[in-house]
Number of protein chains: 2
Amino acid sequence: MAQKDTVKSILNAAEELFSERGFAETSLRNITTKAGVNLAAVNYHFGSKKSLIQAVFARFLTPFCEDLEQELDAVQAQLDGHVPQLPGLLMLLSQTALRAGHDSPRRLGIFMRLLGLAYTQGQGHLRRFLQKEYGPVFKTFMRLVTAATPELSDEDRFWRIHFMLGATVFTLSGADSLTAMAEHDLGKGSDIAQVVDKLIPFLASGLNAPHQAG
Amino acid sequence: MAQKDTVKSILNAAEELFSERGFAETSLRNITTKAGVNLAAVNYHFGSKKSLIQAVFARFLTPFCEDLEQELDAVQAQLDGHVPQLPGLLMLLSQTALRAGHDSPRRLGIFMRLLGLAYTQGQGHLRRFLQKEYGPVFKTFMRLVTAATPELSDEDRFWRIHFMLGATVFTLSGADSLTAMAEHDLGKGSDIAQVVDKLIPFLASGLNAPHQAG
DNA sequence: AACTGTTTCAAACATACGTTTAAAACGAGA
DNA sequence: TCTCGTTTTAAACGTATGTTTGAAACAGTT
């Protein structure tokens, strides 16, 4: 019991509620009620609402980035002068991400939603926090992607990477409603892992598109 | 003077502030101060904050959708039994969109940001409003896209359309910060129109990707 | 059993919000 | 100039928020 359970259930409740309604629309009273703890517990354990938000991100991102860093090091080690292959890099990234929400695959969707919120919603403190804390791993990944796509100009590569990021964050963050739509429109739902499977060829093909026409 | 100016400056201020901070984080006091009007003016002219939000969307979307509908009718008329071509459809959409923010191209970025917010942020009333008001035009467009991509399964097409939507909304809504990043990283900025130019081959190639591998 | 540091709790605090109100200012038509 | 409907204004209302407080409950140690 004691501290660990309170902290954990606050994080669980906050993660879910934030992803459903956004940060500003979720009150500490919503969170503490859902978590079954006292209102003051958030400020006692985390200090402020802002710190709670950052803690929610850190709980997911820290293990994910450590894992990813290891995987990337492994790739770099066995490269041995060879050029890395793009589909492999994408697979590796998606596999690591799927693994990060190891208890339920739904958790990746929840987290992608949070990530989308972090970018669209104001929350300047959050962007600064994420950049400072997890920027380096992203840089490492980008270096490998650059090596894997030598035929692209720096400019094209820059923009296409962000196109890919957009397609990913948007669809995975809306996966719940999108699979519901898919089920309704064509009688065929999908889970997150299947959506990722569909996403990868789309992204790989887009990244390697010819420069001008389609 | 009189009504028109007050209403207009409220809409202008709201559009900009909403796109910068989100809906919940922008107070009516922020908006009225920026607009240089009295606090009560919003409730007097629009009725409530919710209605203001919808009015911001309507001001952009209504002329855009009317324009798009005409263009689509024209395409359909001159089809004459032929199959529509995908790149043409995408161009048509992007041109219409760029035209909708006719005074400044920056406005399209602002509006895309709002669109992203509408999806990520709670705002159930907004999604219902958008669906009811502008759903039909979207359906028409989708019918043409379906005709233009007969080789795709309904499932693949459904998901890839949303991948495209995600890449578009995400990058155009973040165009301001992204072009700043691009300028910093590779000494080469871009305006919205140029980003759209880069986007189209990426999207077209992704939509036509082979089913399995990349 | 008494003490100590930590965690929980109910209650209150100050602040910011969206909305309402009633009076004042305005502008066009008689 | 007076009138009437519209618009603007300053002030207030009720509510919900994040945060703080001080006492109570708890767990481990001597």
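Numbers restart at 1 for each chain; the letters A, B, ... are given by sequence-line order, proteins then strands. Everything numeric here is computed off the predicted structure, so don't read it as measured data.
Remark: Thr6(A) is not in phosphate contact with dT7(C), judged by side-chain N or O atoms under 4.0 Å from OP1 or OP2. In this structure, His45(A) does not reach the dT6(C) phosphate: none of its side-chain N or O atoms is under 4.0 Å from OP1 or OP2. For dA10(D), one of the phosphate oxygens OP1 or OP2 lies less than 4.0 angstrom from a side-chain nitrogen or oxygen of Asn38(B).
In this structure, Ile31(A) places its CD1 atom 11 Å from P of dT17(D), rounding to the nearest Å. Regarding Tyr44(B), its OH atom lies at a distance of 7 Å from the P atom of dT6(D), rounded to whole Å.
Between the side chains of Arg157(A) and Thr149(A), at least one donor N or O sits under 3.5 Å from an acceptor N or O.
With sequence neighbours left out, the side chain to side chain donor-acceptor pair (under 3.5 Å) criterion links Ser48(B) to Ser51(B). Phe46(A) is linked by a ring pair (Phe, Tyr, Trp, His ring centres under 6.0 Å) to nothing, counting only residues two or more places apart in sequence or in another chain. Not a single side chain to side chain donor-acceptor pair (under 3.5 Å) links Arg143(B) to another residue, sequence neighbours left out. Residues satisfying the side chain to side chain donor-acceptor pair (under 3.5 Å) criterion with Lys188(A), sequence neighbours excluded, are Glu155(B).
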Polar pairs (N or O, both sides) under 3.5 Å between protein and nucleotides 15-19 of chain C?
unit_1	atom_1	unit_2	atom_2	d
dC17(C)	OP1	Ser27(B)	OG	3.4
dG18(C)	OP1	Lys49(B)	NZ	2.7
dG18(C)	OP2	Leu28(B)	N	2.8
dG18(C)	N7	Arg29(B)	NH1	2.9
dG18(C)	O6	Arg29(B)	NH2	3.0
dT19(C)	OP2	Asn43(B)	OD1	3.3
dT19(C)	OP2	Lys49(B)	N	2.9
dT19(C)	O5'	Asn43(B)	OD1	3.4

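Note on residues 175-207 of chain A: pairs passing ring-ring contact (aromatic ring centres under 6.0 Å, His included), not counting sequence neighbours, are Phe202(A)-Phe163(B).
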